[in-house]
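On a predicted model such as this, the values are computed, not experimentally measured, just so you know.
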Amino acid sequence: MAPSFPQPATAATVTRPIPGSYGLPLLGPLRDRLDYFWFQGPEDFFRRRAAEHKSSVFRANIPPTFPFFLGVDPRVVAVVDAAAFTALFDPALVDKRDILIGPYVPSVAFTGGTRVGVYLDTEEADHARTKAFSIDLLRRGARNWAAELRSAVDDMLAAVEEDLNKAADPAAASASYLIPLQKCIFRFLCKALVGADPAADGLVDRLGPYILDVWLGLQLVPTQKVAVIPQPLEELLLHSFPLPSFVVKPGYDLLYRFVEKHGAAAVSIAEKEHGISRKDAINNILFVLGFNAFGGFSVFLPFLVMEVGKSDRDDLRRRLREEVRRVLGNGGAEAGFTAVREMALVRSTVYEVLRMQPPVPLQFGRARRDFVLRSHGGVAYEVGKGELLCGYQPLAMRDPAVFDRPEEFVPERFLGDEGEALLQYVYWSNGPETGEPSPGNKQCAAKEVVVATACMLVAELFRRYDNFECDGTSFTKLNKRELTPTPS
């Protein structure tokens with residue numbers, strides 16, 4: 001259910017044309033593409049145009065574009081305010097068919113020839129089946145979720161501690177947590193979500209995270225600013241044409257066989273209880289595992305650790321540590337789903353990171369019919385049937401009409417009744433945080449699980465360490481917990 005945005009009683013609705021222009025054919029999209037990737041970057045791209053048009057709704061072109069993306073129409077109606085953004089969640093207004101990452105759709109060869117659930121609209125018959133199956137997978141996995149996460153986090157932190165201990169100068173020690181965290185995410189997701197232990201296949205255990213990184217990259221890079229090679233080369237080599245699926249096919253086939261053999265119970269549920277063919281079940285499982293879960297966590301969890309671990313946040317870490325240990329007790333009980341629900345500051349901190357750094361910055365929806373898009377203050381815009389709406393979450397979730405100090409990281413933001421009321425404006429899951437995923441909508445099936453998993457990771461860190469610090473995506477300090485002896 002979409003949240004409501006009450007307008008002032010004196011504000012009459014004023015319908016205005018959507019400002020902005022798509023420019024000349026070829027040249028307009030090319031100019032916007034270069035601004036988006038090169039001269040401005042995504043956030044500045046949307047900020048500048050909103051300021052130029054004095055409007056939080058405007059027309060622009062979104063990459064990828066010219067020259068070799070045939071059949072891709074880059075024209076969108078950009079939305080960067082919290083009120084208008086809710087139209088993107090209304091199945092009666094927007095069609096979500098084949099617009100997961102915008103007007104560009106990667107080849108179905110990336111998903112074994114299956115058009116997986118996230119590319120289906122709610123009005124397509126297969127959508128309800130695949131969404132219900134995803135919800136079922138998560139429900140089944142919840143029984144072992146916390147235990148598998150804790151085991152994988154043990155391995156991750158052991159690897160990080162080993163790297164820190166190898167430093168010749170302890171004062172300058174640093175250990176990246178990116179690769180250990182990705183291995184942690186992959187292993188626990190395989191076991192908890194799919195019911196398959198990567199240790200049963202040595203190649204999958206060693207190469208699985210790297211296969212998924214390449215698989216994700218080939219699909220997403222045409223729409224992403226990468227900044228790992230000089231920008232002219234990035235534009236020519238990564239943003240000018242769709243990238244081929246055959247590069248990752250051997251790796252994808254390896255994961256397919258792994259799920260088929262070791263995740264047979266999950267595949268059987270898809271076939272027997274949801275009427276999904278064996279092939280489509282495996283490809284949907286791999287997409288949920290690789291794109292939604294592994295990909296989303298690989299973006300979000302590093303930001304979470306980095307934000308909490310910044311050198312100037314000792315006071316936040318102290319308060320988080322005290323809350324975690326109060327809830328878990330001196331014995332360090334398991335940080336499971338029930339326990340983390342009692343950690344109000346931990347949860348608020350997680351929500352604030354999701355607000356500031358949503359794992360998926362863009363959300364799309366194609367207008368099913370002509371409708372009026374309503375923004376703040378009674379301002380409205382006429383959207384035509386077939387137009388593609390592009391919502392940029394990092395700005396919508398920093399809307400100054402909704403959030404106080406919107407550009408600041410405020411970990412306490414969502415505490416108390418007033419803080420909880422703001423959760424209706426947290427949209428990272430393709431819906432408001434107060435909404436419920438169902439087979440009839442497109443909200444992330446794992447909405448609750450993602451928040452709980454992030455809280456569990458924070459709790460595990462403070463269950464083990466009295467303090468830690470990060471420099472970017474590297475730990476620079478891990479102070480092991482000093483256990484207080486139990487009085488006799």
task = Using a strict 4.0 Å threshold on nitrogen-to-oxygen distance, state whether Arg129 and Asp126 make a salt bridge.
result = yes

task = Decide, yes or no, whether a salt bridge links Arg257 with Glu260 under the criterion of side-chain N to carboxylate O below 4.0 Å.
result = no

ask   = Is Arg325 paired with Asp466 through a side-chain N to carboxylate O contact shorter than 4.0 Å?
value = yes

query = Got more than 12 heavy atoms from elsewhere within 6.0 Å of CG, Asp471?
reply = no

request  = Check for a donor-acceptor pair, side chain of Thr349 on one end and backbone N or O of Leu345 on the other, with a separation under 3.5 Å.
outcome  = yes

ask   = To the nearest 0.5 Å, how far apart are CD1 in Ile285 and OG1 in Thr130?
value = 12.0 Å

query = Strictly by modelled atom types, are Arg347 and Tyr351 linked by a side-chain donor-acceptor pair under 3.5 Å?
reply = yes

key: Smallest separation among heavy atoms of Gly440 and Thr122, with atom names   = O-CG2, 3.5 Å

message = Quick check: closest heavy atoms across Leu193 and Leu289, and the distance to 0.1 Å?
response = CD2-CA, 4.2 Å

ask   = So, the side chain of Gln231 versus the backbone of Phe37: is there a donor-acceptor pair under 3.5 Å, distance only?
value = yes

ask   = Between Tyr252 and Tyr256, what is the ring plane arrangement, given parallel below 30°, perpendicular above 60°, and tilted in between?
value = tilted

message = Looking at Leu237, is its backbone amide N or carbonyl O close enough to the side chain of Ser240 to form a donor-acceptor pair, meaning the two atoms are under 3.5 Å apart?
response = no

inquiry  = Quick check: do Pro63 and Pro74 have side-chain heavy atoms less than 4.5 Å from each other?
reply    = no

task = Test Asp136 against His274 for side-chain hydrogen bond (donor to acceptor under 3.5 Å, both in side chains), laying out the working first.
result = CA-CA 10 Å; Asp136 209 357; His274 297 280; 3.0 Å; yes

request  = Would you sort out whether Cys390 and Val79 count as a side-chain contact (heavy atoms from CB on, under 4.5 Å), showing the intermediate values?
outcome  = CA-CA 6 Å; Cys390 167; Val79 178; over 6 Å; no

inquiry  = Show the nearest heavy-atom pair for residues Ala152 and Phe188, with the distance to one decimal.
reply    = CB-CB, 3.8 Å

key: Polar side chain donor-acceptor pair, Asp280 to Thr114, under 3.5 angstrom   = yes

ask   = Taking C-beta and beyond as the side chain, do Val76 and Asn61 meet within less than 4.5 Å on heavy atoms?
value = no

task = Inspect the contact between Arg355 and Glu407 and indicate whether a charged nitrogen and a carboxylate oxygen are less than 4.0 angstrom apart.
result = no

ask   = In terms of the angle between their ring planes, are Phe85 and Tyr427 parallel, tilted or perpendicular, with boundaries placed at 30° and 60°?
value = parallel

query = Salt bridge or not for Arg463 and Glu460, using N-O below 4.0 Å?
reply = yes

ask   = Quick one: does Asn284's side chain have a donor or acceptor within less than 3.5 Å of a partner on Gly117's backbone?
value = yes

inquiry  = Is it the case that the side chains of Thr434 and Gln424 hold a donor-acceptor pair, with the cut-off being a distance below 3.5 Å and no angle test?
reply    = no

message = Determine whether a donor-acceptor pair (N or O, by modelled atom type, separation under 3.5 Å) exists between the side chain of Asn430 and the backbone of Gln443.
response = no

note = Closest heavy-atom pair, Phe45 versus Asp32, reported as atoms and distance to 0.1 Å, is CE1-O, 3.5 Å

key: Any side-chain donor near an acceptor of the partner, Glu234 and Trp38, under 3.5 Å   = no

request  = Please check if atom CZ in Arg115 has more than 12 non-hydrogen atoms from other residues, nucleotides or ligands closer than 6.0 Å.
outcome  = yes

inquiry  = Whether the side chain of His239 engages the backbone of Thr65 through a donor-acceptor N/O pair (distance < 3.5 Å, no angle test) should be reported.
reply    = no

query = Just wondering, do Thr453 and Leu457 contact through their side chains at under 4.5 Å, heavy atoms?
reply = no

key: Qualifying residue, where the test is salt bridge (charged side-chain N to carboxylate O under 4.0 Å, His left out) with Asp121 and the options are Lys96, Arg368, Arg366   = Arg368

key: Geometric class of the Trp145/Phe337 ring pair [parallel <30°, tilted 30-60°, perpendicular >60°]   = tilted

ask   = Do the side chains of Leu478 and Val160 get nearer than 4.5 Å, heavy atoms only?
value = yes

query = Are the charged groups of Lys310 and Asp312 less than 4.0 angstrom apart, N to O?
reply = no

ask   = Would you find more than 12 non-hydrogen atoms of other residues, nucleotides or ligands less than 6.0 Å from Ile179 atom CD1?
value = no

Side-chain ion pair, Asp205 and Arg187, N-O less than 4.0 Å = yes

task = Using modelled atom types only, decide if a donor and an acceptor are shared between the side chain of Ser298 and the backbone of Phe294 within a distance under 3.5 Å.
result = yes

inquiry  = Please find the pair of heavy atoms, one from Ala196 and one from Gly263, that lie closest to each other, and give the distance.
reply    = CB-N, 4.0 Å

task = Taking the side chain as every heavy atom from C-beta outward, state whether Tyr210 and Trp215 have any atom pair closer than 4.5 Å.
result = no

task = Might you work through the side-chain contact (heavy atoms from CB on, under 4.5 Å) test for Arg33 and Glu235, ending with a clear yes or no?
result = CA-CA 9 Å; Arg33 169 188 146 189; Glu235 288 309 305; 2.9 Å; yes

inquiry  = Salt bridge check, Arg326 against Glu342: does any charged N sit closer than 4.0 Å to a carboxylate O?
reply    = no

message = Please tell me whether Asn467 and Arg317 have a donor and an acceptor in their side chains that are separated by less than 3.5 angstrom.
response = yes

key: Nearest-0.5 Å distance that lies between atom CG in Leu238 and atom OG1 in Thr223   = 11.5 Å

inquiry  = With a 4.5 Å cut-off on side-chain heavy atoms, are Tyr465 and Leu157 touching?
reply    = yes

query = Is the shortest heavy-atom distance from the side chain of Pro222 to the side chain of Phe68 under 4.5 Å?
reply = no

ask   = Is any NZ, NE, NH1 or NH2 atom of the basic residue among Glu323 and Arg319 found under 4.0 Å from an Asp or Glu carboxylate oxygen of the other?
value = no

key: Check against side-chain contact (heavy atoms from CB on, under 4.5 Å), Cys190 and Phe258   = CA-CA 10 Å; Cys190 283; Phe258 169 73; 4.1 Å; yes

key: Geometric class of the Phe462/Phe468 ring pair [parallel <30°, tilted 30-60°, perpendicular >60°]   = tilted

query = Where the side chain of Asn144 meets the backbone of Gly141, is there a donor-acceptor pair that is under 3.5 Å apart?
reply = no

query = For Lys447, does the NZ atom sit with more than 12 other heavy atoms under 6.0 Å from it, leaving out its own atoms?
reply = yes

request  = With the side chain counted from C-beta on, respond yes when Leu286 and Val259 share a heavy-atom pair under 4.5 Å apart, and no when they do not.
outcome  = yes

message = Measuring centre to centre across the rings, with the benzene-like ring taken for any Trp, is Phe69 within less than 6.0 Å of Phe241?
response = no

message = Using only atom types and a distance under 3.5 Å, with no angle test, would you say the side chain of Ser174 pairs donor to acceptor with the backbone of Thr476?
response = no

message = Take a 6.0 Å sphere around NZ of Lys249 and say whether it holds more than 12 heavy atoms from other residues, nucleotides or ligands.
response = no

remark   = Heavy-atom nearest pair, Ser429 first then Glu433, reads OG-OE1, 4.5 Å

request  = Decide whether Arg139 and Ser134 meet the rule of one side-chain donor and one side-chain acceptor closer than 3.5 Å.
outcome  = no

task = Answer yes if the side chains of Glu469 and Ser311 hold a donor-acceptor pair under 3.5 Å, and no otherwise.
result = no

key: Criterion side-chain contact (heavy atoms from CB on, under 4.5 Å) on Ile99 and Val94, from CA distance to verdict   = CA-CA 11 Å; Ile99 47 85; Val94 296; over 6 Å; no

ask   = Which of parallel (below 30°), tilted (30 to 60°) and perpendicular (above 60°) describes Tyr36 and Phe46?
value = perpendicular

inquiry  = When you measure from the side chain of Asn165 to the backbone of Glu161, do you find a donor-acceptor pair of N or O atoms at a distance under 3.5 Å?
reply    = yes

